[in-house]
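Working notes, structure below.
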Amino acid sequence: KLRKWQARTRIITSVERNLAQAMNELDRLSDILNLPSYVKEEAARIYRNAVEKGIVRGRSIESIIAATIYLACREMKVPRSLDEITRHTRVNRKEIARCYRLLLRELRIKVATTDPVDYVPRIVHGLGLPGQAVKIAIEIINKAKEQGVTGGKDPAGLAAAAVYIAAEQLGEKRTQKEIAHVAGVTEVTVRNRYKELAKILGLEYE
Amino acid sequence: MSSIPFKTSYRVENIVATVILEHDLDLELIETRIPSITYKPDQFPGLIFRLDKPRATALVFKSGKMVVTGTKSTQQLVEAVKKIIKTFVKNGVNVHGRPRVQIQNIVAGGDIHAYVNLEKAAYHLEDSMYEPEQFPGLIHRMRDPRVVLLIFSSGKMVITGAKEEVEVERAVNNIARQLYKAGCIVGPRLGEEE
DNA sequence: GCTTTAAAAAGTAACCT
DNA sequence: AGGTTACTTTGGAAAGC
């Protein structure tokens, strides 16, 4: 009986140790990413859930916590890209993405696709563009959705191109390089999305 | 029969199969006897043997088991296995008994010739995930047949995990029907008939 | 879990002219 | 700007770390 009690104690302490470590990491990343408290709390809830289902076994706490944060951001529609989160971790993006997919599968969670619209305010403000640009970019994105040309494309690239056009129309042109930088995509992607959007909007370009 | 207002098609692109011989093989001997072979035990326990005519690649292990990849039909697979063994024998590497060949995985390309609304499909299909940030295709784990499909907005797709060609055909027709019923078909492609 | 093989889909990325 | 090449995703087996 004593041996069983000791084994149980060991397990409990190990789980508690894991949780404490995980919560420390969650605190650290949440601060760096300036996450709202409700996102942080949701991430903590998902993590405890994952531990209960034994999903954490064999994976680093850092990877799972990062994936948990990304998932919580997606659920709460707080725009934080995987790259942004990865940047503050020592593990690579591929491993975090793998953990994220594992969480979605094992916890059977459905998350709405990231709406390009959610990235617009951050890109606009990051470029110091007038608030009016947000509304114009959103209208452009909605037209693109109606035309069905957004399937399979990176939401950040679509948002970047929409903001590029919005800035142009407001007479506050920014280079594709600048926009690509704040949106976290390459100039080539901004250019490609721009060409498609210009086409459906009936704009001319050369 | 529930007719789908568009045609479907598929093409096998790659077959992964295991071949089991009745005895062990001396990999060092094979390496010295056959020139075009890659063998780096530190990196991987098997030696890599590439064939030209039926284009295929074999991973050969000392246990006498091998993995043959790259063929597009059972015919090609059988042809490749025969040629691999013939090449061994010709170069003084004896092989006895009849090899046991088993298909482990079939990868195929599929097409429903109509555009798909992936966002809507992800919402209606169970066991599916669509993350355009990470990959442009929707990943769907079909239960029957048990295969995985990567579905793109163009209506083209990749079917993998099948062990028989009939599973590939069933999977494409299944997904076409499901997408159609769920209203995820946007419209025909390439100005084709309907 | 990793290592190696092959192949498709469509998007994004890196590097070179 | 454009072109190439390469990497992302999926599945499966082999023997060994």
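So you know, we letter chains A, B, ... as the sequences are listed, proteins then strands, and number each from 1.
Taken to the nearest 0.5 Å, the CG atom of B:Asn173 stands 4.0 Å off from the OG1 atom of B:Thr8. Here the straight-line distance linking atom CZ of A:Arg98 with atom CD of B:Gln134 works out to 11.5 Å at 0.5 Å rounding. Taken from OG1 in A:Thr89 to CD1 in A:Ile65, the straight-line distance is 10.5 Å, to the nearest 0.5 Å.
For DNA chain D, none of the residues of residues 23-31 of chain B falls under the heavy-atom distance limit of 4.0 Å. Contacts of residues 117-135 of chain B with DNA chain D (heavy atom under 4.0 Å): B:Phe135. Of the residues in residues 84-107 of chain A, those placing a heavy atom less than 4.0 Å from an atom of DNA chain D are A:Lys94, A:Arg101, in numerical order.
In this structure, the CG atom of B:Leu150 is 9 Å from the C1' atom of D:dG11, given to the nearest Å. B:Leu149 places its CG atom 13 Å from the P atom of D:dT10, with the value rounded to the nearest Å. In this structure, the CZ atom of B:Phe152 is 11 Å from the P atom of D:dT10, given to the nearest Å.
Comparing C:dA6 with D:dT4, their P atoms are spaced 22 Å from each other, to the whole Å.
Every residue was checked against the side chain to side chain donor-acceptor pair (under 3.5 Å) condition with A:Thr86, not counting sequence neighbours, and none meets it. Remark: B:Glu165 pairs with B:Tyr10 by the side chain to side chain donor-acceptor pair (under 3.5 Å) rule, at least two apart or across chains. The side chain to side chain donor-acceptor pair (under 3.5 Å) test applied to A:Glu62 returns A:Arg90, not counting sequence neighbours. For B:Gln178, there are no side chain to side chain donor-acceptor pair (under 3.5 Å) partners at least two apart in sequence or on another chain. Take B:Asp127 and apply the salt bridge (charged side-chain N to carboxylate O under 4.0 Å, His left out) test, not counting sequence neighbours, and it matches A:Arg108.
Residues B:Gly109 and A:Thr189 both approach DNA chain C. Their nearest nucleotides, taken by heavy-atom distance, put B:Gly109 toward the 5′ side. Nearer to the 5' terminus of DNA chain C, by closest-nucleotide assignment, is the contact made by B:Gly70 (compared with the other of A:Asp154 and B:Gly70).
Chain A approaches DNA chain C over the interval C:dC2 to C:dA14, counting the first and last nucleotide 5' to 3' with an atom under 4.0 Å from its heavy atoms.
Residue contacts for B:Val68: at a heavy-atom cut-off of 4.0 Å it reaches no nucleic acid atom on any strand shown. If you check every strand for non-hydrogen atoms under 4.0 Å, A:Arg191 touches sugar and phosphate atoms only. Heavy atoms of B:Ile48 sit under 4.0 angstrom from primed sugar atoms or phosphate atoms, though from no base atom. Residue contacts shown for B:Arg146 are absent, as no nucleic acid heavy atom lies under 4.0 Å away. Among the heavy atoms of the strands lying under 4.0 Å from B:Ser154 are primed sugar atoms or P, OP1, OP2 only; no base atom is included.
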Give the B/S/- string for nucleotides 12-17 of chain D, one per nucleotide from 5' to 3', where a protein heavy atom under 4.0 Å of the base yields B, of only the sugar-phosphate yields S, and otherwise -. BBBBS-

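Within the structure, the side chain to side chain donor-acceptor pair (under 3.5 Å) test picks out the following pairs touching residues 143-156 of chain A (sequence neighbours left out): A:Asp115-A:Lys145.
Using a 4.5 Å heavy-atom threshold, the side chains of A:Ile55 and A:Tyr47 count as separate.
Under 4.0 Å is where a charged nitrogen must lie from a carboxylate oxygen, and between A:Arg87 and A:Glu84 no such pair does. Between B:Lys7 and B:Asp111 there is no salt bridge, since no side-chain nitrogen of the basic residue lies less than 4.0 Å from a carboxylate oxygen of the acidic one.
B:Ile85 and B:Tyr39 fall within a single hydrophobic cluster, where Ile, Leu, Val, Met, Phe, Trp and Tyr side chains are chained together by heavy-atom contacts under 4.5 Å.
Within the 3.5 Å criterion, the main-chain N or O of A:Ala112 finds a donor-acceptor partner in the side chain of A:Arg74.
Within a 6.0 Å sphere centred on CZ of B:Arg55, heavy atoms belonging to other residues, nucleotides or ligands number 12 at most.
Within the hydrophobic cluster formed by Ile, Leu, Val, Met, Phe, Trp and Tyr side chains joined at under 4.5 Å, directly or through other members, A:Ile32 stands alone, with no partner residue.
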